[in-house]
**Student:** 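Right, I'll just put the structure down here and ask away after.
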Protein chains: 2
Amino acid sequence: MSHRLSKTAAPTRSDAVYFGLRRAIIEQALLPGDKLTEDVIGERFGVSRTIVRSVLARLNAEGLVDLQPNKGAAIAQPSLAEAYDIFEARMCLERQVLARLAEKVTDQDLQLLEQHVGLEAKAGHQDSAASIRLAGEFHILLAELSGNKVLARYVDEVVSRCSLILAMYSRPHSADCSINEHHQIIDALRTRDAARAINAMDHHLQAVTERALLSSNSDKQRDIRSILDRYAS
Amino acid sequence: MSHRLSKTAAPTRSDAVYFGLRRAIIEQALLPGDKLTEDVIGERFGVSRTIVRSVLARLNAEGLVDLQPNKGAAIAQPSLAEAYDIFEARMCLERQVLARLAEKVTDQDLQLLEQHVGLEAKAGHQDSAASIRLAGEFHILLAELSGNKVLARYVDEVVSRCSLILAMYSRPHSADCSINEHHQIIDALRTRDAARAINAMDHHLQAVTERALLSSNSDKQRDIRSILDRYAS
DNA sequence: GTATACATTATTGGATACAATACTTTTCCG
DNA sequence: CGGAAAAGTATTGTATCCAATAATGTATAC
């Protein structure tokens with residue numbers, strides 16, 4: 001999926017914490033506003049604060065956590081204005097991805113995409129957490145297949161941040177509609193029809209955006225210890 | 001200009017090192033391939049390795065430095081393939097910026113842009129370092145005026161990385177042509193003509209891209225100590 | 001003279017310790 | 001009681017220390 005490690009670099013312990021936290025955020029196990037105390041995370045993942053700090057800085061750079069000096073880290077709470085900015089950037093980036101893919105997509109690529117949507121269908125209603133994650137990863141996979149590493153990284157980022165936005169402003173995720181729309185995008189790519197693919201993507205993202213209706217989350221302090229344990233494997 | 005600190009957050013010592021190094025890279029005082037030893041940087045900036053490490057990680061995330069485990073950091077040396085990816089993403093992002101700006105640009109914005117090109121003209125041929133930096137900052141300013149923080153951050157990143165690309169593959173920077181082309185973009189925005197602005201930008205970036213002809217830099221180890229001193233203020 | 005094995009040095013990775021700051025609770029006075 | 005000041009606690013910021021790894025230099029065998 002995303003963030004595959006390069007061939008030479010062995011996965012470091014820092015990566016384990018990074019991917020663990022990231023997944024917890026994207027699957028909405030950790031919610032916007034949750035406080036991320038360095039000691040707590042370090043303890044759960046079995047590493048020192050040094051590692052945790054670097055991971056938090058990394059997540060902060062990606063916009064997933066908010067980092068205030070002397071106050072610590074918390075899962076980011078994107079405002080509606082930020083949400084709009086993110087959606088605009090995402091639209092712009094994903095269009096470019098599709099334009100590029102329509103030119104160079106291979107049968108193998110298409111097969112991979114189909115396979116991924118298969119996974120989404122499988123997760124379906126049962127595993128809500130995986131369902132949310134897979135829906136995002138479909139877009140990340142598209143970006144990676146485009147072959148442009150820079151676009152891929154940016155798409156990865158905006159898609160992740162969209163998880164946050166949905167967690168803040170949207171009702172529970174429904175898997176079915178995404179799958180349908182993802183199929184339409186694949187179909188358009190199969191015929192190398194960039195315009196149709198982009199159109200399908202526009203409608204898809206529009207649908208996602210519209211699902212975002214203001215609904216403030218309770219902001220009482222949650223204990224994230226038990227949650228972290230599930231992601232520290 | 002870019003990376004303005006939020007109102008509440010005081011500039012930390014980490015920021016000082018970050019902006020110092022960043023400027024040294026963008027002004028091409030530090031060149032692609034230069035080794036960045038933690039001790040050396042820490043000594044010059046008067047901070048411990050802890051700070052330096054976090055800064056190097058940040059610059060790595062932005063693609064300005066290469067960071068290999070157990071081997072240390074060096075100014076990134078983007079390959080031609082990466083250069084192409086960066087230019088493609090940059091084109092895509094800056095088009096969106098102009099599309100947005102053409103709708104909402106104010107007279108005050110235009111004045112600010114004119115003023116900036118004035119600075120570029122002033123730096124002119126005399127201060128080559130500042131000239132390079134200012135040419136990039138024009139684009140960053142455009143992105144900031146668009147009002148979309150996400151786009152602004154991404155533009156900032158790709159523009160910075162373009163400095164690296166030019167350092168690797170291009171002949172010395174000529175200020176004049178940039179200024180001329182920047183004026184054309186402002187003119188198009190003044191008439192709210194998005195299409196013409198985008199066209200001007202396309203030609204501008206095309207010109208920059210074409211100036212990038214392969215020319216390997218000598219890769220003997222340089223002593224960066226004296227260079228760092230100039231940026232540690 | 002070249003190449004390989006070994007010793008030495010330089011540099012990074014990470015944990016810990018201490019200082020600085022923010023947060024919480026208690027105490028004291030009106 | 002209510003609120004301000006103060007003491008205590010929790011958490012972050014940074015320097016330093018030690019271990020692990022890579023880079024370098026040296027000697028020895030062929």
Side-chain angles (χ1 to χ4, degrees), chain A residues 5-21 30 33-61 64-76 219-225 227-228 232, chain B residues 5-21 30 33-61 64-77 219-225 228 232:
Chain A
L5 298 164
S6 78
K7 213 176 303 179
T8 52
T12 164
R13 275 190 306 161
S14 185
D15 288 326
V17 180
Y18 170 75
F19 289 116
L21 271 185
L30 297 178
D34 280 350
K35 182 81 198 297
L36 299 172
T37 307
E38 297 175 357
D39 270 336
V40 173
I41 298 171
E43 173 198 333
R44 297 287 140 170
F45 282 87
V47 298
S48 83
R49 278 180 53 215
T50 308
I51 306 251
V52 176
R53 275 178 79 68
S54 77
V55 168
L56 291 177
R58 193 167 161 191
L59 290 168
N60 172 65
L64 290 183
V65 322
D66 224 36
L67 207 51
Q68 274 183 311
N70 287 320
K71 297 264 205 102
I75 309 287
D219 52 8
K220 72 159 182 243
Q221 211 68 293
R222 301 195 313 149
D223 183 17
I224 65 172
R225 266 167 260 257
I227 298 167
L228 286 177
Chain B
L5 298 165
S6 78
K7 213 176 303 178
T8 53
T12 164
R13 272 190 309 159
S14 184
D15 287 327
V17 180
Y18 170 74
F19 288 115
L21 272 185
L30 297 178
D34 280 350
K35 182 79 200 294
L36 300 172
T37 307
E38 297 174 356
D39 269 334
V40 173
I41 299 172
E43 174 198 331
R44 296 287 139 170
F45 283 87
V47 297
S48 82
R49 279 180 52 216
T50 309
I51 307 248
V52 176
R53 277 176 75 68
S54 78
V55 168
L56 290 177
R58 192 166 161 192
L59 290 168
N60 172 66
L64 289 183
V65 323
D66 224 35
L67 206 51
Q68 273 182 313
N70 287 319
K71 297 262 206 107
I75 310 287
Q77 300 179 289
D219 51 9
K220 71 158 181 244
Q221 211 68 292
R222 303 195 312 149
D223 183 17
I224 64 171
R225 263 167 264 257
L228 286 177

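Chain letters run A, B, ... following the sequence lines, proteins first and then strands; every chain starts at 1. As the structure is a prediction and not an experimental result, all values here were calculated from the model.
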**Student:** List the residues meeting side chain to side chain donor-acceptor pair (under 3.5 Å) with Ser54(B), not counting sequence neighbours, and say none if there are none.
**Tutor:**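 If we apply the side chain to side chain donor-acceptor pair (under 3.5 Å) test to Ser54(B), skipping adjacent residues, there are no hits.
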**Student:** Mind checking salt bridge (charged side-chain N to carboxylate O under 4.0 Å, His left out) for Arg225(B) and listing every partner two or more places apart, or none if nothing turns up?
**Tutor:**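 Arg225(B): salt bridge (charged side-chain N to carboxylate O under 4.0 Å, His left out) contacts with Asp223(B).
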**Student:** Output all residues satisfying side-chain contact (heavy atoms from CB on, under 4.5 Å) with Leu228(B), sequence neighbours left out; order by chain, then residue number.
**Tutor:**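 For Leu228(B), the residues satisfying side-chain contact (heavy atoms from CB on, under 4.5 Å) (neighbours in sequence not counted) are Leu21(B), Leu30(B), Val40(B), Ile41(B), Arg44(B), Phe45(B), Ile224(B).
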**Student:** Once side-chain contact (heavy atoms from CB on, under 4.5 Å) is applied, do any residues pair with Asn60(A), and if so which ones, sequence neighbours excluded?
**Tutor:**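 Applying side-chain contact (heavy atoms from CB on, under 4.5 Å) to Asn60(A) gives Val65(A), Leu67(A).
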**Student:** Holding to side-chain contact (heavy atoms from CB on, under 4.5 Å), I want the full list of residues that pass it with Lys71(A), two or more places apart in sequence or in another chain.
**Tutor:**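 Residues passing side-chain contact (heavy atoms from CB on, under 4.5 Å) with Lys71(A): Gln68(A).
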**Student:** I'd like the 5' and 3' limits of the part of DNA chain C contacted by chain A, with heavy-atom contacts below 4.0 Å.
**Tutor:**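 Listing 5' to 3', DNA chain C meets chain A from dG14(C) to dC23(C).
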**Student:** So, using side chain to side chain donor-acceptor pair (under 3.5 Å) as the criterion, who are the partners of Thr37(B) when residues are at least two apart?
**Tutor:**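 So Thr37(B) forms no side chain to side chain donor-acceptor pair (under 3.5 Å) with any residue.
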**Student:** Restricting to side chain to side chain donor-acceptor pair (under 3.5 Å), what partner residues turn up for Thr50(B), sequence neighbours left out?
**Tutor:**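 Side chain to side chain donor-acceptor pair (under 3.5 Å) check on Thr50(B) returns Ser48(B).
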**Student:** Which nucleotides of nucleotides 12-21 of chain D have their base under 4.0 Å from a protein heavy atom (B), which only their sugar-phosphate (S), and which neither (-), written as one string 5' to 3'?
**Tutor:** BBBBBB---S
